[in-house]
Number of protein chains: 2
Amino acid sequence: MRKPRSNGAAPLVDPMAARLGYQLRRVSVLMMADLGTRLAPLGLRPAEVSILLLIGANAGCRQGEVGETLGIKRANMVALVAGLIKKGFVARARADGRSHALSLTAKGRARTLLVNRLLDRQEAAFQSRLDRKALTGLVAALVSLRG
Amino acid sequence: MRKPRSNGAAPLVDPMAARLGYQLRRVSVLMMADLGTRLAPLGLRPAEVSILLLIGANAGCRQGEVGETLGIKRANMVALVAGLIKKGFVARARADGRSHALSLTAKGRARTLLVNRLLDRQEAAFQSRLDRKALTGLVAALVSLRG
DNA sequence: TATTGTTATACTCTATAACTATA
DNA sequence: TATAGTTATAGAGTATAACAATA
């Protein structure tokens with residue numbers, strides 16, 4: 001039996017509080033929303049930023065490689081890359097006849113610097129909520145969780 | 001200067017590898033997709049499950065309280081709760097004239113048991129990828145990150 | 001006037017299937 | 001035949017604004 005709530009203003013009991021997947025999701029949504037807000041003035045969305053940074057670190061890479069590395073399906077890469085090209089951040093060259101070699105434009109490299117500073121600030125804002133103990137190995141643990 | 005890639009089959013360099021928000025997002029998406037697959041046979045989606053479990057632990061709670069606790073906007077709660085009622089898992093009673101008191105049906109309680117067992121299995125599957133050291137305090141760290 | 005639920009609508013990210021062109 | 005990119009479409013979750021009914 002589950003007893004009905006003794007109503008007043010008591011907060012609800014959260015049975016998912018100890019669930020890894022649930023807490024992961026809540027934090028992820030929070031950080032993504034925060035990132036989206038921070039990125040808006042730069043004219044970029046989170047997914048676009050991940051592509052921009054990856055191309056910046058791998059000039060000449062193919063579109064499919066980018067998607068595979070980021071976990072973005074080929075079909076979804078099309079509009080994302082097209083958007084970055086349209087905004088003048090990315091350039092596309094023939095690599096193979098059926099594949100594109102992607103690289104950043106000068107404008108794209110400049111924007112990448114701004115994005116990295118923005119990411120540094122966001123990282124700092126969130127990491128300040130953790131003590132050193134909790135911070136150590138957190139990212140490594142997340143990477144491990146991806147198996 | 002960024003040197004072009006020496007093409008062969010070398011994996012790309014990932015400049016987001018050390019970013020907390022990025023790794024959080026990747027793991028979250030992975031676990032959500034996995035959860036979605038596991039839940040499909042039960043006729044539930046992840047968001048519905050969070051509502052179902054919360055109501056199960058707080059019989060008589062109002063719809064708005066549920067949304068607030070879970071971070072789901074009032075507007076989005078409407079269809080989610082309506083779906084759970086339609087499936088016969090949740091019952092709605094007048095509480096206030098303008099607010100609904102939600103509770104589980106017998107069918108909803110039975111389904112909750114299955115869901116919890118399913119979540120236990122998922123948790124175990126992912127936690128097996130971590131050593132004890134990394135596991136300790138991980139959920140606590142995530143909760144802290146939500147400020 | 002503030003709260004609760006509701007409707008309508010849009011955006012972001014993800015997923016699948018089928019198509020084209022090239023290797 | 002297999003690969004790279006593309007198109008079309010759908011789904012899940014989230015967001016905002018405006019409205020009705022009630023407190």
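Every heavy atom of this structure was used, including side-chain atoms; hydrogens, water molecules and symmetry mates were not. In what follows, chains are A, B, ... by sequence order, proteins preceding strands, each numbered from 1.
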Rounded distance (Å) that lies between atom P of dA12(D) and atom CE of Met77(B): 17 Å
For atom CZ of Arg62(A) and atom C1' of dA2(D), their distance in whole Å: 13 Å
Let me have the donor-acceptor pairs involving side chains of residues 75-84 of chain A, under 3.5 Å, with sequence neighbours excluded, atom names and distances please.
none

How close or far is atom P of dG13(D) from atom CE of Met31(B), stated in whole angstroms? 15 Å
Rounded to the nearest 0.5 Å, how far does CG of Leu20(B) lie from CG of Leu135(A)? 7.5 Å
If two hydrophobic side chains count as joined below 4.5 Å and joins carry through other members, does Ile72(A) share a cluster with Val115(A)? yes
Options dT6(C), dA4(D), dT4(C), nucleotide nearest the side-chain atoms of Ser99(A): dA4(D)
Atom NE2 of His100(B) to atom P of dT22(D): distance rounded to whole Å? 11 Å
What is the distance from CD of Glu68(B) to C1' of dA15(D), rounded to the nearest Å? 17 Å
Indicate whether OP1 or OP2 belonging to dT6(D) is found under 4.0 Å from a side-chain N or O atom of Arg92(A). yes
Atom pair CZ (Arg132(B)) and OG1 (Thr136(B)), whose distance is rounded to the nearest 0.5 Å: 6.0 Å
Is atom CD of Glu123(A) surrounded by more than 12 heavy atoms (other residues, nucleotides or ligands) closer than 6.0 Å? yes
Between dT22(D) (C1') and Gln63(B) (CD): distance, integer Å: 15 Å
Verify whether one side chain among Arg19(B) and Gln122(A) offers a donor that lies under 3.5 Å from an acceptor in the other. no
Expected string for nucleotides 13-23 of chain C under the B/S/- scheme (protein heavy atoms, under 4.0 Å, primed atoms plus P, OP1, OP2 as sugar-phosphate) is SBBBB----BS
To the nearest Å, how far apart are Asp34(A) CG and dT12(C) C1'? 16 Å
Interatomic distance, Ile85(B) CD1 vs dG5(C) P [rounded to whole Å]: 11 Å
